[in-house]
Amino acid sequence: MHYLRQIAKILYTDFKIEWREKHQLFSLFLYIASSAFIAYMILKADVAPRISISVFWIILGFGAVTSTSRCLVRETSTRFLFYYQTVPPSQLIVSKIAFNATLLSVVSVFTAWLFDLLFQTQFTLSYLLGISLLGALAFASTLTLIAGISAAVQGNAAIMAVLSFPLLIPQLLVLIRISEAMLIGVESLHFVVASLLLDLITIALSVMLFPFLWKE
C-alpha cells in the first residue's frame, strides 16, 4: 500500500508540472493535428485503409517520442536529488511509465478521433480508440526507460532519437499486424496478447535496469 501511495504522489507531482507547462502539451496536439491535416490534404479522404492506418501509427509514434522525451529530462537537479534520497528507483520508473501511459492515452484518443473525422476508412472510432490505447501503453513502456538513459547523459536528445525507433520496431510491427488483422476480419487476439507480453517484458526490464542508471 505504501508503494502505491508513493507512486500516486509522484504522479500527482508530474501532472501538476505538466499542467504548469501545458503549452508543451498543446504544442504536441497542434503537431498531431497539423500532421493529420497535411496527410489528409495529400491522400484525401478515400485513401486505402492500409495507408491511412500506417500514417496513423507514424504520426502517433513521433508524437509519443516527443511527449515521453520530457518526462525525466525536465527534472531539475534539486528534484533529482530529492527523488534520489526519498524514492526507490523502481517506484520512480513505474510512476514515470504510468504517467507517460496516461498522457499518451489522452494523445491517442485525440489522434484516433481526428483520423476518424478526416479519413473515411473501414475502422470505426471504437476500434481506433482500442488500438491507440494499446499503442499508448506500448510506447510508454518502451520510451520511458530510453528517456531515463537520455536524462542520465544530461538530456542528450540524440540518444533518445537513436535508441527509440529501433526499440519501437517490435511493438509497431505487432500493432500494425493487429490493424491488418482487424482490417481483413481475422482473429487478432493472439497479436493483442503478444503486444501485452512485450509491454510486461519491457516494464520488467525497466524496473531491473533503471536502478543502475539511478546510481550514476
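Quick note: numbers below take in every heavy atom, side chains included, and nothing from hydrogens, waters or symmetry partners.
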- Task: Apply the test side-chain contact (heavy atoms from CB on, under 4.5 Å) to residues Glu18 and Phe99: give CA-CA distance (whole Å), side-chain angles for both, the deciding distance (0.1 Å), then the verdict.
- Result: CA-CA 10 Å; Glu18 187 66 34; Phe99 171 76; 3.6 Å; yes

- Item | Residue pair Ser132 / Phe56: nearest heavy atoms and the distance that separates them | CB-CZ, 3.7 Å

- Query: Do Ile203 and Ile93 pass the side-chain contact (heavy atoms from CB on, under 4.5 Å) test, and can you show the C-alpha distance, the side-chain angles, and the key distance before you say yes or no?
  - Reply: CA-CA 9 Å; Ile203 293 171; Ile93 192 65; over 6 Å; no

- Message: With a sphere of 6.0 Å drawn around NZ of Lys22, does it hold more than 12 non-hydrogen atoms of other residues, nucleotides or ligands?
- Response: yes

- Centroid-centroid under 6.0 Å between Phe62 and Phe165 rings: yes

- Message: With rounding to the nearest 0.5 angstrom, report the NE2 to CZ distance, His190 to Arg177.
- Response: 8.5 Å

- Query: Cluster question for you: counting only ILVMFWY and a side-chain heavy-atom cut-off of under 4.5 Å, with indirect links fine, are Phe26 and Phe15 together?
  - Reply: yes

- Task: Start with the C-alpha gap between Leu143 and Asn100, add the side-chain angles, then the distance that decides, and say whether side-chain contact (heavy atoms from CB on, under 4.5 Å) holds.
- Result: CA-CA 9 Å; Leu143 294 173; Asn100 283 330; over 6 Å; no

- Note on the structure: Distance col, row Leu117:CG vs Tyr40:OH, nearest 0.5 angstrom, shows 9.0 Å

- Criterion side-chain contact (heavy atoms from CB on, under 4.5 Å) on Thr102 and Ser105, from CA distance to verdict: CA-CA 5 Å; Thr102 304; Ser105 295; 5.6 Å; no

- State yes or no: do Ile201 and Val193 share one hydrophobic cluster built from I, L, V, M, F, W and Y residues joined by side-chain heavy-atom distances below 4.5 Å, directly or via other members? no

- Over all atoms of both residues, closest heavy-atom pair of Ile178 and Ser195: CD1-CB, 4.4 Å

- Which heavy atom of Ser108 sits nearest a heavy atom of Ala136, and at what distance? OG-CB, 3.5 Å

- Item | Beyond-backbone contact of Ile131 with Leu175, side-chain heavy atoms, under 4.5 angstrom | no

- Query: Going from CG on Leu167 to OG on Ser141, what distance comes out if it is rounded to the nearest 0.5 angstrom?
  - Reply: 10.5 Å

- Message: Once rounded to the nearest 0.5 Å, what's the spacing between atom CG of Leu25 and atom CG of Leu30?
- Response: 11.5 Å

- Task: Going by the side chain to side chain contact (heavy atoms under 4.5 Å, CB included) test, name the single residue among Leu145, Ile146, Thr144 that passes it with Ser206.
- Result: Leu145

- In terms of hydrophobic clusters joined by side-chain contacts under 4.5 Å, are Val65 and Ile58 together? yes

- Query: Looking only at heavy atoms, what is the nearest atom pair of Ile97 and Ala140, with distance?
  - Reply: O-CB, 3.9 Å

- Measure the shortest side-chain to side-chain distance between Leu198 and Thr142 over non-hydrogen atoms and say whether it is less than 4.5 angstrom. no

- Query: Are Asp199 and Gln171 close enough that some pair of their side-chain heavy atoms sits under 4.5 Å apart?
  - Reply: yes

- Message: For residues Leu189 and Leu196: do they belong to one hydrophobic cluster (side chain heavy atoms under 4.5 Å, members Ile, Leu, Val, Met, Phe, Trp, Tyr)?
- Response: no

- Task: Decide yes or no for Leu60 and Leu104: does some side-chain heavy atom of the first lie under 4.5 Å from some side-chain heavy atom of the second?
- Result: no

- Report the distance from atom OG of Ser67 to atom CD of Gln24, rounding to the nearest 0.5 Å. 9.5 Å

- Query: When rounded to the nearest 0.5 angstrom, what is the spacing between CZ in Phe139 and CG in Leu134?
  - Reply: 9.5 Å

- Looking at Val107 and Ile32, what are the two nearest heavy atoms and their distance? CG1-CD1, 3.2 Å

- Task: Please report the closest heavy-atom contact between Val55 and Ala39, naming both atoms and the distance.
- Result: CG1-CB, 3.7 Å

- Tell me whether Leu11 is reachable from Trp19 by hopping between hydrophobic residues (I, L, V, M, F, W, Y) whose side-chain heavy atoms are closer than 4.5 Å. no

